[in-house]
Amino acid sequence: MDNSDPNPEKPLDFIRQIIAEDIKSGKHSAPVTRFPPEPNGFLHIGHAKSICLNFGIAQENNARCHLRFDDTNPSKEESVYVAAIKKDVQWLGYEWGDNLFFASDYFDRLYDYAVELIRLGKAYVCCLNAEEVREYRGTLTEPGKESPYRNRSVEENLALFQAMKEGQFEEGSHVLRAKIDMASPNLNMRDPVVYRIMKVSHHRTGDKWCIYPMYDYTHCLSDAMEEITHSLCTLEFEDHRPLYNWFLETLHTPAHPRQIEFARLNLTYTVMSKRKILQLVTGGHVADWDDPRMLTISGLRRRGYTPASIRNFCSEIGVGKKASWIDMGVLENSIRSDLNETAPRVMGVLDPLKVVITNYPEENEEEVEGKNHPQKPEMGTRFIPFSREIYIERSDFMEDPPKKFFRLGPGREVRLRYAYFVTCVSVIKDETTGVVTEIHCTYDPATYGGNAPDGRKVKGTIHWVSAAHGLNCQVRLYDRLFAVENPDADKEVDFKEHLNPDSLTILKDCVVEPSLAQAAPGSSVQFERQGYFCVDVEDSEPGHPVFNRTVGLRDSWAKKQR
RNA sequence: UGGGGGAUGGUCUAACGGCAAGACAGCGGACUCUGACUCCGCUUAUCGGGGUUCGAAUCCCUGUCCCCCAGCCA
């Protein structure tokens, strides 16, 4: 991929400033970052922000960024997620090279460090159960109480910890805790749990272990072992930083990475927590993790978003410390501007209305030449079949149009894009329902190609597809998954209550230019005057593409109508 | 109510003691064989109160509001 900063003029965010200072001062010769997902679900747009930050910093500095799976809780983690996450990071355009790690790779060393902690008198095996631990922890305003097991001897702790490891105890009966300060105003420092017993198979270590280290303990040590310089995480870990530092200082690790926190991404009209996304999948509210309505990386990919558009979006929104809400429109804008540059233009009719050109010879057919991109002649042209019967968009005809309607209506003349001027001469309706079923037009043969030799102008140009040559296909229109800006806002109402019932519209009778029969799965086109669509990778068959609408074109006419 | 953070137009980000800037959205216009794109113009902001200073979004004091934390999740 293109390694250059997409926005060289953009001022440095506060994290990049810190890194630049650390390089300038000689503290580090180069930054080393890491992206540390837990393999318990698919990556989403919020992760993309972190990926672009961590891998972006590495790229800009010709340095490395590690991909590290934070797999310390086997009850939630699966290999299938590891594979999906790797695919998504790569698809976004980033490479970790040799720097692929798993926290589970460190289980032995982590165990040794825990033994060290015990020897230092800084950790103890606690026999309080989970509920008791909670009670002893105190509250936000009251200090906690020390565990009765807090002052066991080093020898006893060593023996007990080994017995934990050997599986001699039941889940929940014992934990290893750091001995810090039960009166600390920071709850994370009130003797946090370091190891817990879990008799669960791990997706990589199998049944080797029945005790697993906690995040706070694992993360800082993993960072240190990998010699990460800047450990970037989201704001909710600010309170954990003292603990992060405590472990590193207490254990005298060879490196002491600096944790820096930034604001996580919030987007309107969606939910961002993995827990909730999982509910949408398991509850059948969406087809799967890669449902095009989902803001997972895989969903965005299937929807037709490009890696560049996501990277640009992440660059656009910046990195700061204030909890912010980005409007969904910003994301949509980023894919529109990318596809505007690259997507070939074609004509496709989503809601067909038949037009018979009565003065066009029945046996005739011909081809007209269309540009694949109006501003990029290098993208070439194509020939589009034209004949006596065509389809136009139903919304491009009105029997009784308002003043500013530039499209087809009785007696009105419009241009069929790249073809001819046509004038509506009559309207055929279903006698019982009154619905327009067909319209009859005449064409002006002199306007072949779309220009009138007499210089007369038409206000409207509409798209069309020859009825005899068009390719029938399915098109799926996607709208926002939620009907409200913040589905999480109301604590009393489940977020799923706010699902948008019209988030998916399947159109089965669409007809598109025959050239699209060969469109490659995953490729994007612009249906002129409609929007950007991609060929679905799952449901398309050779010769029978299925299109997903990535995003509509801006539509100032529709806006005016409201 | 303890601790940790944060407050700049509708939204996001910049300005690091010296003309409050950019993007998105919105509004108006130009152009147009896409009511697209592009271009031009416009509206809208430093949380409040004090202080330091020739000069404050920036430094100090004070108040207010918002977010996070009481998993053997990450």
Side-chain angles (χ1 to χ4, degrees), chain A residues 9-13 17 36-38 40 70-73 75-77 126 128-131 133-135 137-144 171-177 184-190 192-198 211-212 214-216 218-219 233-242 261 263 268 274-275 316-327 329-334 336-337 340-341 345 347 370-371 373-375 404-407 414-419 449-451 457-463 526-531 552-560:
Chain A
E9 297 304 310
K10 205 173 158 80
L12 297 182
D13 58 66
Q17 283 183 35
E38 182 186 16
N40 67 344
D70 234 330
D71 54 350
T72 58
N73 183 351
S75 68
K76 300 203 293 182
E77 297 153 5
C126 182
L128 258 23
N129 64 34
E131 194 182 329
V133 167
R134 187 175 352 108
E135 284 163 9
R137 183 157 33 229
T139 68
L140 293 179
T141 52
E142 301 154 26
E171 283 188 15
S173 63
H174 297 65
V175 288
L176 183 72
R177 291 227 254 167
S184 171
N186 180 346
L187 295 262
N188 295 118
M189 303 299 274
R190 320 244 262 228
V193 172
V194 173
Y195 267 89
R196 78 287 213 184
I197 300 170
M198 291 183 95
I211 57 171
Y212 292 94
M214 298 288 289
Y215 164 85
D216 282 311
T218 307
H219 203 89
C233 62
T234 46
L235 249 28
E236 65 269 28
F237 292 103
E238 279 178 319
D239 286 345
H240 296 241
R241 188 174 355 114
E261 310 85 10
T268 57
K274 267 195 205 171
R275 208 191 92 243
E316 198 72 29
I317 60 175
V319 178
K321 293 201 70 153
K322 117 174 156 185
S324 60
W325 283 87
I326 309 291
D327 194 283
V330 178
L331 216 210
E332 293 170 347
N333 183 65
S334 81
R336 258 191 218 108
S337 52
N340 178 47
E341 296 295 317
R345 314 287 128 126
M347 292 195 287
K371 295 174 180 169
H373 194 295
Q375 283 85 31
K404 292 282 189 144
F405 189 79
F406 301 152
R407 309 170 188 183
V414 298
R415 171 168 37 233
L416 295 176
R417 183 130 163 107
Y418 300 126
N451 288 303
K457 303 283 183 195
V458 286
K459 204 71 171 127
T461 298
I462 64 176
H463 59 279
Q526 183 197 90
F527 286 174
E528 293 206 41
R529 305 207 304 131
Q530 305 269 10
L553 254 29
R554 259 192 277 268
D555 188 348
S556 56
W557 166 244
K559 202 178 285 175
K560 209 173 287 179

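To find a chain, count down the sequence lines: A is the first, B the second, and so on, and within it residues start at 1. Quick note: numbers below take in every heavy atom, side chains included, and nothing from hydrogens, waters or symmetry partners.
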Worksheet item: Stems in RNA chain B: runs of 3 or more consecutive Watson-Crick or G-U pairs, distances under 3.5 Å?
Response: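 Stems found: B:2-7 with B:64-69, B:10-13 with B:21-24, B:26-30 with B:38-42, B:47-51 with B:59-63.
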
Discussion item. Please compare A/Gly320 and A/Lys559 by the position of their nearest nucleotide in RNA chain B and report the one closer to 5'.
Written reply: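 By nearest-heavy-atom nucleotide position, the 5'-most residue is A/Gly320.
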
Discussion item. For A/Leu416 and A/Glu142, find the nucleotide of RNA chain B closest to each by heavy atoms; which residue's nucleotide sits nearer the 5' end?
Written reply: A/Glu142

Assign [X] to base, sugar-phosphate, or nothing according to its heavy-atom contacts below 4.0 angstrom with the strands shown.
X	answer
A/Ile326	sugar-phosphate
A/Val330	sugar-phosphate
A/Arg137	sugar-phosphate
A/Phe527	nothing
A/His219	nothing
A/Arg190	nothing
A/Tyr212	nothing
A/Ile317	sugar-phosphate
A/Lys76	base
A/Arg134	sugar-phosphate
A/Asn451	base
A/Gln17	base
A/Pro37	nothing
A/Leu128	base

Nucleotide nearest [X] (side chain, heavy atoms from C-beta), chosen from [options]:
X	options	result
A/Lys404	B/C72, B/G35, B/G4	B/G35
A/Gln526	B/A70, B/C24, B/U34	B/U34
A/Leu140	B/C68, B/U13, B/A70	B/A70
A/Glu236	B/G2, B/U34, B/C68	B/C68

Worksheet entry | Spacing between A/Asp327 atom CG and B/G26 atom P, to the nearest angstrom |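 From A/Asp327 CG to B/G26 P: 10 Å.
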
Worksheet item: Quick one: A/Lys560 NZ to B/A36 C1', roughly how many Å, whole number?
Response: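 The answer, rounded to whole Å, is 14 Å.
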
Worksheet entry | A/Trp557-B/G35 aromatic stacking (under 5.5 Å, under 30°) |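 It does: the two rings, one from A/Trp557 and one from B/G35, meet the stacking criterion.
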
Worksheet entry | Residue-phosphate contact under 4.0 Å: A/Arg275 side-chain N/O, B/A74 OP1/OP2 | no

Worksheet item: Looking at CG of A/Leu553 and CZ of A/Arg529, how far apart are the two atoms once the value is rounded to the nearest 0.5 Å?
Response: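 Answer for the CG-CZ pair, A/Leu553 versus A/Arg529, is 10.0 Å.
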
Donor-acceptor pair present, [X] side chain and [N] base, under 3.5 Å:
X	N	value
A/Arg345	B/U34	yes
A/Asp555	B/G35	no
A/Arg407	B/G35	yes

Practice prompt. Describe, in one word, how the ring planes of A/Tyr215 and A/Phe237 are oriented to each other, choosing from parallel (under 30°), tilted (30 to 60°) and perpendicular (over 60°).
Written response: tilted

Practice prompt. Would you check if the side chain of A/Tyr418 reaches a backbone N or O of A/Lys371 as a donor-acceptor pair within less than 3.5 Å?
Written response: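 A pair under 3.5 Å: yes.
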
Discussion item. Distance check, C1' atoms only: B/A56 and B/G49, in whole angstrom units.
Written reply: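 So the two C1' atoms sit 15 Å from each other.
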
